[in-house]
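Accompanying notes for the structure given below.
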Amino acid sequence: MKWLYWLLFIPSVSYALCDDVDNVQEKQSCAISAYKQADTALNQAYKSIRKNLNQEQKQKLKKAQKAWLTYRDANCAHQVSESEQDHVTMQNLCLAQVTQLRTSELQNIYSHLFIGYTPIDYAAYMKSENYLSEQKLIGDWKSQADEYGIILTFQIIDNEAIFSSTLNEQQFESGSWQFTDGQLMITNEQGDILYLYNQATLDNNVLTLYEKEGGIEKYERVQE
């Protein structure tokens, strides 16, 4: 089972550091630096997202970003006008904070570009014929990656969810499993997490598991 890390890195901005600076000029410098960091991170995120969109999506993103910029500037200008503190410091800290929030917002909106798959609407999925329930998960599942011969086994014995697996026909791992709202967690016998899948779906007896870091695994049901 592979684990991938494919997330956009965003430098954090420390506003508390600026609060600890007493000198007016140094505090201004800290605030200006914070905004520059946040602005650079936003530009990186925007460019990374944009290059993965089609023309229509690019236009929508551009329109939304222009509207957000108008809001950001007006909002910070209003905050500065109502503040009795140094206006240069306040303006840059406001711009930095709002800009950082926008970067996180874009990450969430376009998260599928960085985790390798598009999260499903689980409420709608529950109503579909292929809805994967806890009961449907019970049984043996063979990995489609034949070179390892991995078989996962999910059981419920005496109301306990028991997990085990084999690798090349040899006992590999064991523990328990929990399936809640489309998320599958597998722990070992000591209670430590072995695998955490943000999403698990079923289609024509093929179980697809989506790792938190972006990896995708597929298993076929072993017919008795």
Side-chain angles (χ1 to χ4, degrees), residues 2-123 180-183 185 192-193 195-199 210-215:
K2 58 184 179 180
W3 293 85
L4 302 178
Y5 184 85
W6 191 19
L7 294 175
L8 188 66
F9 172 71
I10 297 177
S12 61
V13 178
S14 177
Y15 305 106
L17 177 63
C18 298
D19 290 340
D20 293 336
V21 179
D22 294 326
N23 182 278
V24 174
Q25 290 185 337
E26 290 181 0
K27 196 163 188 176
Q28 285 184 2
S29 178
C30 178
I32 292 171
S33 177
Y35 171 50
K36 286 181 178 179
Q37 276 192 323
D39 189 55
T40 297
L42 176 59
N43 288 332
Q44 290 175 348
Y46 184 86
K47 291 177 181 178
S48 296
I49 291 168
R50 183 178 169 80
K51 69 182 181 181
N52 289 286
L53 304 179
N54 60 38
Q55 195 58 38
E56 181 181 357
Q57 291 172 323
K58 288 179 180 178
Q59 290 299 320
K60 289 181 179 180
L61 174 60
K62 182 178 179 180
K63 182 178 180 180
Q65 193 69 359
K66 287 180 66 176
W68 172 80
L69 285 169
T70 299
Y71 156 76
R72 182 195 68 176
D73 294 345
N75 179 60
C76 287
H78 176 253
Q79 288 192 34
V80 169
S81 68
E82 296 298 319
S83 174
E84 296 180 357
Q85 300 183 39
D86 175 68
H87 284 190
V88 174
T89 300
M90 282 297 299
Q91 181 179 25
N92 280 277
L93 284 179
C94 177
L95 290 171
Q97 185 176 29
V98 178
T99 299
Q100 189 182 46
L101 290 173
R102 176 58 175 171
T103 304
S104 298
E105 184 179 55
L106 287 178
Q107 263 198 307
N108 290 331
I109 294 172
Y110 296 98
S111 61
H112 61 282
L113 297 179
F114 305 103
I115 63 175
Y117 62 90
T118 303
I120 62 173
D121 180 346
Y122 195 71
T180 307
D181 294 335
Q183 185 180 78
M185 182 173 67
D192 301 320
I193 296 177
Y195 307 104
L196 178 61
Y197 301 98
N198 276 0
Q199 199 167 280
Y210 300 85
E211 294 177 344
K212 180 180 180 180
E213 286 76 9

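Reckoned from all heavy atoms, side chains included, excluding hydrogens, waters and symmetry mates.
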task = Please report the C-alpha distance between Leu106 and Trp68 in whole Å, then the side-chain angles of each, then the deciding distance to 0.1 Å, and finally whether the side-chain contact (heavy atoms from CB on, under 4.5 Å) criterion is met.
result = CA-CA 11 Å; Leu106 287 178; Trp68 172 80; over 6 Å; no

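- Within the 4.5 Å cutoff, the side chain of Tyr110 has no heavy atoms near those of the Asn52 side chain.
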message = Let's go through Leu95 and Arg72 carefully: what are the C-alpha distance in whole Å and the side-chain angles of both, what is the deciding distance for side-chain contact (heavy atoms from CB on, under 4.5 Å) to 0.1 Å, and is it a yes or a no?
response = CA-CA 7 Å; Leu95 290 171; Arg72 182 195 68 176; 3.7 Å; yes

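- The shortest side-chain heavy-atom distance between Asn23 and Lys27 does not fall under the 4.5 Å cut-off.
- Atoms CD1 and CG, on Ile109 and Leu61 in that order, are 8.5 Å from each other to the nearest 0.5 Å.
- Between the OG1 atom of Thr70 and the CG atom of Asp73 there is a distance of 7.0 Å, given to the nearest 0.5 Å.
- Distance check: Ser81 OG to His87 NE2 gives 7.5 Å after rounding to the nearest 0.5 Å.
- Once rounded to the nearest 0.5 Å, the distance linking CG of Leu93 with CD of Gln79 reads 10.5 Å.
- Note: Lys58 NZ to Lys62 NZ = 11.5 Å, rounded to the nearest 0.5 Å.
- No hydrogens or angles considered: nothing links the side chains of Arg50 and Gln57 as a donor-acceptor pair under 3.5 Å.
- When every heavy atom of Ala38 is checked against every heavy atom of Ala96, the shortest pair comes out as CB-O, 3.5 Å.
- No side-chain heavy atom of Thr180 sits under 4.5 Å from any side-chain heavy atom of Met185.
- Separating the OG1 atom in Thr99 from the CD atom in Glu105 is a distance of 12.0 Å, to the nearest 0.5 Å.
- Shown here for Thr103 and Ala45, the closest heavy-atom pair between the two residues is CG2-CB, 3.9 Å.
- Side chain of Ser29 to main chain of Gln25: no donor-acceptor pair is present (N/O by atom type, distance under 3.5 Å, no hydrogens or angles).
- Checking Gln28 against Asn92 by side-chain atom types alone, no donor-acceptor pair falls below 3.5 Å.
- Here the side chain of Asn75 pairs no donor or acceptor atom with the backbone of Tyr71 at under 3.5 angstrom.
- Between Leu196 and Gln183, some side-chain heavy-atom pair lies under the 4.5 Å cut-off.
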